[in-house]
Structures are given as structure tokens and as C-alpha cells.
Protein chains: 2
Amino acid sequence: MTITDVGVAARVSPSTVSRVLNGTAKVDPALADRVHQAVRELGYRPNLAAQGLARGEWGTIGVMLPDLANPYFPDVLKAVTAVARANGRRVMVMESDEDPTVEQDLVTELMRCCDGLLLCSPRMDRAQLVDLVGHGHPMVLVNRIAPGLAAPSISVDFYAGMTLICGHLAQLGHREVVYLSGPEASWANGERVRALNAAEAFGMKVTVLPCGSTTRDGNEAAPRALESGATAIVTYNDLVAQGALTRLRQQGVDVPKEVSVVGFDDLSLDWFGLATLTTVSTPRDELGRRAGEMLELLMTEGHDTEPRYLPMALLVRDTTGTVRTTASARGAQG
Amino acid sequence: MTITDVGVAARVSPSTVSRVLNGTAKVDPALADRVHQAVRELGYRPNLAAQGLARGEWGTIGVMLPDLANPYFPDVLKAVTAVARANGRRVMVMESDEDPTVEQDLVTELMRCCDGLLLCSPRMDRAQLVDLVGHGHPMVLVNRIAPGLAAPSISVDFYAGMTLICGHLAQLGHREVVYLSGPEASWANGERVRALNAAEAFGMKVTVLPCGSTTRDGNEAAPRALESGATAIVTYNDLVAQGALTRLRQQGVDVPKEVSVVGFDDLSLDWFGLATLTTVSTPRDELGRRAGEMLELLMTEGHDTEPRYLPMALLVRDTTGTVRTTASARGAQG
DNA sequence: CTGTTAGCGCCTTCAG
DNA sequence: CTGAAGGCGCTAACAG
């Protein structure tokens with residue numbers, strides 16, 4: 001089933017078939033009709049490998065991300081896919097399991113079969129990033145801003161988000177908070193930490209505890225967080241927060257009366273359980289959409305867009321409250 | 001950067017390069033060394049489009065699934081990806097949003113750029129399935145067994161899983177249960193319903209309520225489920241169950257004292273909240289692994305494997321208990 | 001506006 | 001065991 005078969009069926013040359021199918025040039029309507037009919041009758045579909053070879057492009061964009069099981073990414077992916085489809089492209093996604101070495105391989109692999117790449121929350125260091133970008137393949141960074149890198153970037157404004165959290169806690173009277181830190185190699189985690197450190201200027205004492213990005217991590221870290229003596233537990237994301245929350249409850253700790261807990265990302269995990277998490281929201285849909293658009297622009301017009309930051313919004317819900325004054329738990333809810 | 005460039009660098013013909021790279025034929029070790037070195041120095045990577053065109057295959061398998069946001073699928077995907085990588089293939093996934101029409105398009109699209117397809121929980125009807133399989137592309141069905149279809153299938157044994165649930169409830173004294181039904185077009189849902197109906201032979205009265213597959217669906221259906229007067233709420237999956245559970249608690253209903261709730265799939269959502277869900281477990285990893293292997297077999301040897309059913313296991317946890325005898329809630333926990 | 005011609009980069013017969 | 005030659009299906013530059 002080739003373009004030639006369609007050609008004979010429509011009594012035209014293969015080129016003409018190609019032209020009507022791609023709209024590359026004006027074709028006599030009569031011939032075009034014959035072609036369309038033949039295509040329909042034969043159920044012809046262009047061979048993508050042949051097209052790719054001839055055109056030098058695949059009609060596919062690649063997405064690399066650390067973990068598909070994180071509810072964060074399906075939302076982003078849906079938006080990216082929508083944009084890609086609107087531009088007539090497929091999407092190929094690969095997950096790295098948070099491993100920088102794997103990331104390198106995946107990107108190399110994706111470059112072989114995609115016209116452009118979206119690197120979501122890459123964990124690799126700046127040098128590796130520079131190396132990869134140097135290959136000249138269009139790629140845009142998502143949730144990672146790397147200064148001086150020849151690739152457009154778009155990210156949620158983690159720093160501002162965490163600042164909102166700190167402000168909220170400060171106003172509730174919290175002066176000592178503990179932060180359950182995300183993956184060490186995560187730039188996004190670094191931004192959160194920076195914002196926390198900045199909050200110390202306002203008289204807030206911050207303890208950083210290595211933790212992780214999953215519910216399990218939060219669950220395991222909760223006791224240590226409690227022991228730190230902080231009145232509020234700030235977390236890398238909602239998953240960690242929920243894990244911690246569960247553990248605290250099991251230990252009979254009253255949240256938010258005895259201790260406040262804050263999430264990050266608004267994964268809307270709050271369907272579960274009675275209390276819903278105070279957190280900051282991420283515009284995941286917009287993030288995916290704009291990232292897709294930036295990549296498309298980069299691929300088609302070589303447009304190197306300015307780095308963009310997307311704002312987060314504070315969502316005060318049930319897990320934060322005024323700090324308890326002494327040893328007794330008599331604080332009021334926020 | 002073509003195979004010819006490598007050839008000149010290694011002072012051999014392109015054919016020789018191809019042969020050492022693919023292990024297609026015996027090559028003088030000295031030449032092979034030169035080739036490897038040249039490849040390394042030039043950083044050469046075969047053009048996939050050219051390979052695909054010449055070989056007539058893409059080195060890619062396609063996966064179609066209804067919804068990436070369902071935590072069920074990332075687990076399956078990880079296993080599929082692992083198998084695919086072990087066989088030197090990439091994975092391309094597309095989600096249909098539970099829409100049979102979209103499914104048709106996606107499969108058609110995937111057939112154009114993949115050597116084989118995994119159709120996960122397809123919602124399309126049998127006729128459409130037959131049509132698609134008729135195209136002669138290797139495909140295996142996951143979580144859908146369709147009799148007389150010329151495609152291998154593998155599925156979790158939903159019927160047996162639901163039977164375990166019914167038995168468990170019956171032994172706790174439940175005689176009236178309500179089922180929050182999944183997507184109408186879901187074969188897996190049909191299997192669950194069949195098992196429920198079979199349970200009626202044991203004196204169990206079953207009411208089926210249309211619901212859906214998401215937490216939101218469960219949340220919204222909970223009041224209706226309660227009104228049905230049943231003593232136990234059986235659900236399409238853990239997501240629905242959690243949604244219902246949350247709503248019941250908000251209404252002050254004591255689970256499991258006043259009503260029992262059972263999930264399905266063991267999505268391990270139980271990190272959240274105080275009570276963990278009684279449910280049946282799905283071997284998602286094994287499902288993905290075996291599906292991948294079946295597809296590989298089908299692609300390489302045309303092996304048409306027997307349909308396989310994977311067993312589920314009952315996990316009795318905190319949300320089921322003995323039926324309350326009258327109006328008072330004095331049941332004990334299971 | 002249409003058909004003919006020459007590759008895209010690789011694999012795979014076929015000679016040697 | 002190696003090189004040369006043809007073709008995979010399509011597009012694009014070239015004549016007509």
C-alpha cells in the first residue's frame with residue numbers, strides 16, 4: 001500500500017498524490033477528488049518512516065519526566081498532548097525514575113526519533129544540560145530555569161509559592177518550621193529551600209530534613225519532623241504532606257492544633273480523609289500548554305522565548321492553624 | 001552524520017559498518033574494532049527513519065489506555081516499558097479519555113508507527129475490535145477478553161476478584177449490597193457485574209448504581225448508595241471507594257459500623273486517611289510484564305498465546321465489618 | 001499545474 | 001569475509 005498504488009488508482013503521478021495529501025501545491029480539483037477517493041477506497045496511510053526520511057522530521061515531540069506515577073505529570077502531559085495534536089504531532093514520553101544517568105540516555109534516545117524535546121524537571125546538572133542542548137535539537141526546559149542555557153525555559157514560580165507559605169505561617173505565629181526536603185538533585189526543591197532561607201530574615205527558624213517526593217517518604221519522615229520541635233511542617237509536595245499527615249494521626253497528633261502541615265502543588269489529594277491540605281496550587285494545565293507552544297515556536301521559527309515563571313496561589317484549608325502557645329494544645333484553627 | 005561517514009572514518013564500506021552494528025554477519029575483528037572506534041569518536045547514531053524504512057519496522061511498541069491519571073496504568077506501563085527496553089524497543093503511549101471513537105483513531109495512528117500494540121481496557125465494541133485486529137498488526141488485549149478474536153489477551157480475573165469480595169461480605173452477614181458501577185463500556189465492569197449477579201444465588205441482593213471510575217464519581221454517588229438501604233457498598237475501583245468513603249464521613253456515617261465499603265484494584269490509596277480500604281489486589285506489574293512478553297512473542301514468532309487470567313487476592317482491612325443487626329450501629333470490625 | 005527524476009540513510013541481496 | 005548496487009516509500013527540485 002504505497003503512494004504509487006494510490007497514484008495508479010487515481011490515474012495521477014505519485015507526486016500529485018503527495019501534493020494533495022500535504023497541500024504542498026495547487027492541484028486541479030478534479031484530480032484532487034480522484035486522489036481523495038482513491039485514498040479512501042484503499043485506506044491508504046502514508047508511511048511515517050518514509051515521510052520522516054524524506055522530510056528529515058518525525059512529526060513527534062518527546063517528553064522526558066522523572067516519574068509518571070506522580071499525579072503532577074499526567075495533567076501536564078494532557079495539555080502537552082493537546083497542543084501537539086493541534087500541531088499534527090505525536091507525543092512520546094519516557095520516564096527517568098529520577099536518575100540523571102538514565103536521563104542522559106533517554107534524551108539521547110528521544111533526540112533520535114523526535115523533532116523537539118520537553119525536559120520536565122530534569123535532575124541532571126547544568127553541565128550535562130549544556131552538553132545536551134549543544135546537540136542543536138530543539139528543547140525546552142520545564143520546571144527548571146538554567147541561566148545562560150541556549151534553551152527556552154518555563155517553570156512554576158516555586159520560590160514565590162514557598163514565600164506565600166512562609167508568610168501564611170508567620171502570620172499564624174509560627175517561628176519554627178521544619179522542611180521535609182525533596183529529591184536532592186531537584187532544582188525545584190532548591191528554589192523552595194532558597195525561599196525558606198529568605199524567610200529567616202523575618203525571624204523564622206527553618207530546619208531542613210532530607211526526605212523525598214513520595215507519600216512513603218513523608219510517612220517515614222514524620223516522626224523526625226515532630227521531634228525537631230517545629231510548630232509547622234512544610235513539605236516538598238502534597239504527596240509527602242499526606243504521608244506525614246497520616247503518620248501524625250496514627251500517632252494521635254492533632255493537626256493543626258498541635259502542629260501545622262503544609263503541602264505543595266495542590267494535587268487535590270484532599271478527596272481522601274477528613275481534613276484537606278493547606279497548600280499552594282500549580283497551574284499544571286497552563287504549564288503544559290505553554291511549554292508545548294514554546295517548543296512548537298522553537299521548532300518552527302527558532303524562536304528562543306524568554307524564561308517564563310507561572311504564579312502559584314495559596315490555598316488555606318484545614319491543616320494549618322495558629323501556633324499553640326505553650327505545651328498545651330489550645331490553638332484555634334486558621 | 002551517516003553510516004557512510006563512519007565508513008570512511010573506519011576505512012570500510014557502509015555495509016560493513018551496518019554489519020558490525022547489527023551483528024548481521026561475521027566481520028574481521030580488526031575491521032570491527034575500527035568501526036566501533038569511529039562510531040564512538042563521531043558519536044554516530046543510526047537514523048531511525050532510515051532503519052525503519054529499510055527494515056520495515058520501527059523498534060517501537062504502542063500502548064493505548066483510557067486514562068493516564070488513573071494510578072493503575074503507570075504501574076502497568078513501567079513493566080511494559082521494562083520488557084520493551086529489554087527487547088530493544090521504545091514505547092509510545094496514547095490515552096483515549098475513555099472514548100471509543102478516539103480509541104479507533106489512536107489505534108489507527110499507532111499502527112502507523114509501531115510494530116505492535118497493547119490495547120489496555122479498550123472500551124470499543126467487539127465489532128470495532130475485530131475490524132482493527134483484521135488489519136494484521138500484532139496486538140494484544142489487556143484487561144479485555146474477547147472470544148473468537150484473533151489476538152492474544154491477558155486480563156486480571158475480575159470475576160474471581162469480585163467473587164472473593166461477595167464471599168467476604170456474605171460471611172460478615174451482608175445480604176444487601178449496592179454496586180457503584182464503572183464506565184458502561186468497560187468489559188472489566190461487566191465482569192464485576194456478572195460476579196455480583198452470580199452471588200445472588202447465595203441469597204445476596206445486589207443493586208447496581210451507575211457511577212464511574214473516578215474519586216469524584218464515587219463522591220457524588222455515595223448518598224444514593226446510602227439511600228439504597230444496602231449494608232455494604234461495593235465499588236468499581238479504589239478511587240470510587242475513596243470518594244464515597246470521604247463523602248460518607250462528611251455525612252457522619254460510621255464505616256464500617258453503619259455500612260461497609262469495598263474497593264477494587266488495591267491502588268494503595270490507603271496512605272491517606274485513618275482507615276484503609278478493604279479491597280482486592282491487582283498484580284499490575286505482572287500484568288504489564290506478561291502483556292509485553294506476549295506482544296513480543298506475537299511480533300517475533302507469530303505465537304498466538306492462550307488467553308491468560310491473573311488472580312486477584314482479597315485484602316481485608318478497615319472498611320468492612322459485620323452487618324449491623326437493626327437500626328443501631330453495634331457491629332464489630334471484620 | 002503535472003509528471004519525471006533524484007535522493008533521504010540504511011539494509012540486504014548479490015558478486016567478488 | 002567484504003564491497004557494490006538496488007530499493008524501502010516518500011518528498012522536492014526540476015522540466016514540461
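A, B, ... follow the sequence lines: proteins, then strands. Residue 1 opens every chain. This is a predicted model, so every value here is computed, not measured.
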Next on the checklist: Measuring to OP1 and OP2 of C:dC8, would you say a side-chain N or O of B:Asn47 lies under 4.0 angstrom away?
Outcome noted: no
Next on the checklist: Nearest whole Å is fine: how far is D:dC1 P from B:Arg11 CZ?
Outcome noted: 20 Å
Item to check | A:Trp58 CH2 - C:dC8 C1' separation (whole Å) | outcome: 11 Å
Checklist entry - Roughly, in whole Å, what's the span from CZ in B:Arg55 to P in D:dG6? => result 23 Å
Item to check | Distance in angstrom units between B:Ile3 CD1 and C:dG7 P, rounded | outcome: 19 Å
Next on the checklist: With a cut-off of less than 4.0 Å, is there a side-chain N or O of B:Thr2 near OP1 or OP2 of C:dG9?
Outcome noted: no
Item to check | Whole angstrom value for the distance that separates P of D:dG9 from OH of A:Tyr44 | outcome: 10 Å
Next on the checklist: Can you tell me which nucleotide in C:dC10, D:dC1, C:dC1 comes closest to the side chain of B:Asp28?
Outcome noted: D:dC1
Next on the checklist: Regarding B:Pro14, tell me which of base, sugar-phosphate or nothing describes its non-hydrogen contacts under 4.0 Å with the strands shown.
Outcome noted: nothing
Checklist entry - Of the candidate nucleotides C:dG3, C:dC1, D:dG9, which contains the atom at the shortest distance from the side chain of A:Lys26? => result C:dC1
Checklist entry - Do the side-chain N or O atoms of B:Thr24 get closer than 4.0 angstrom to the phosphate oxygens (OP1, OP2) of C:dC11? => result no
Next on the checklist: In whole Å, I'd like the distance from the CG atom of B:Leu21 to the P atom of C:dC11.
Outcome noted: 7 Å
Next on the checklist: Using only modelled atom types and a 3.5 angstrom limit, is any donor from either the side chain of A:Ser15 or the base of D:dT11 paired with an acceptor on the other?
Outcome noted: no
Next on the checklist: Looking at B:Arg90 and B:Gly59, would you say the former's side chain and the latter's main chain have a donor-acceptor pair under 3.5 Å?
Outcome noted: yes
Checklist entry - Is a salt bridge present between A:Asp285 and A:Lys78, judged by a nitrogen-to-oxygen distance below 4.0 Å? => result no
Checklist entry - Between D:dG3, D:dG9, C:dC10, which nucleotide has the shortest distance from any of its atoms to the side chain of A:Ala54? => result D:dG9
Checklist outcome for this item: Judged by nearest nucleotide, the residue sitting upstream toward the 5' end of DNA chain D, B:Val12 or B:Ala50, is B:Val12
Item to check | Gap between atoms CG and C1', on A:Leu53 and C:dA6 respectively (whole Å) | outcome: 13 Å
Item to check | CZ/A:Arg112: more than 12 non-hydrogen atoms of other groups inside 6.0 Å | outcome: yes
Next on the checklist: What is the separation between atom CZ on A:Arg19 and atom P on C:dT5, rounded to the nearest whole Å?
Outcome noted: 14 Å
Checklist entry - Of all the nucleotides listed (D:dT11, C:dC11, C:dT2), which has the minimum atom distance to the side chain of B:Ser18? => result C:dC11
Item to check | Test item: A:Leu65 and A:Asp67 side chains (from C-beta on) under 4.5 Å apart, heavy atoms | outcome: no
Next on the checklist: It should be established whether A:Thr16 places a side-chain nitrogen or oxygen under 4.0 Å from OP1 or OP2 of nucleotide C:dT2.
Outcome noted: no
Checklist entry - Stepwise, does the side-chain hydrogen bond (donor to acceptor under 3.5 Å, both in side chains) test hold for A:Ser15 with A:Ser18? => result CA-CA 5 Å; A:Ser15 333; A:Ser18 172; over 6 Å; no
Checklist entry - Are any of B:Gln51's side-chain N or O atoms less than 4.0 Å away from OP1 or OP2 of C:dC11? => result yes
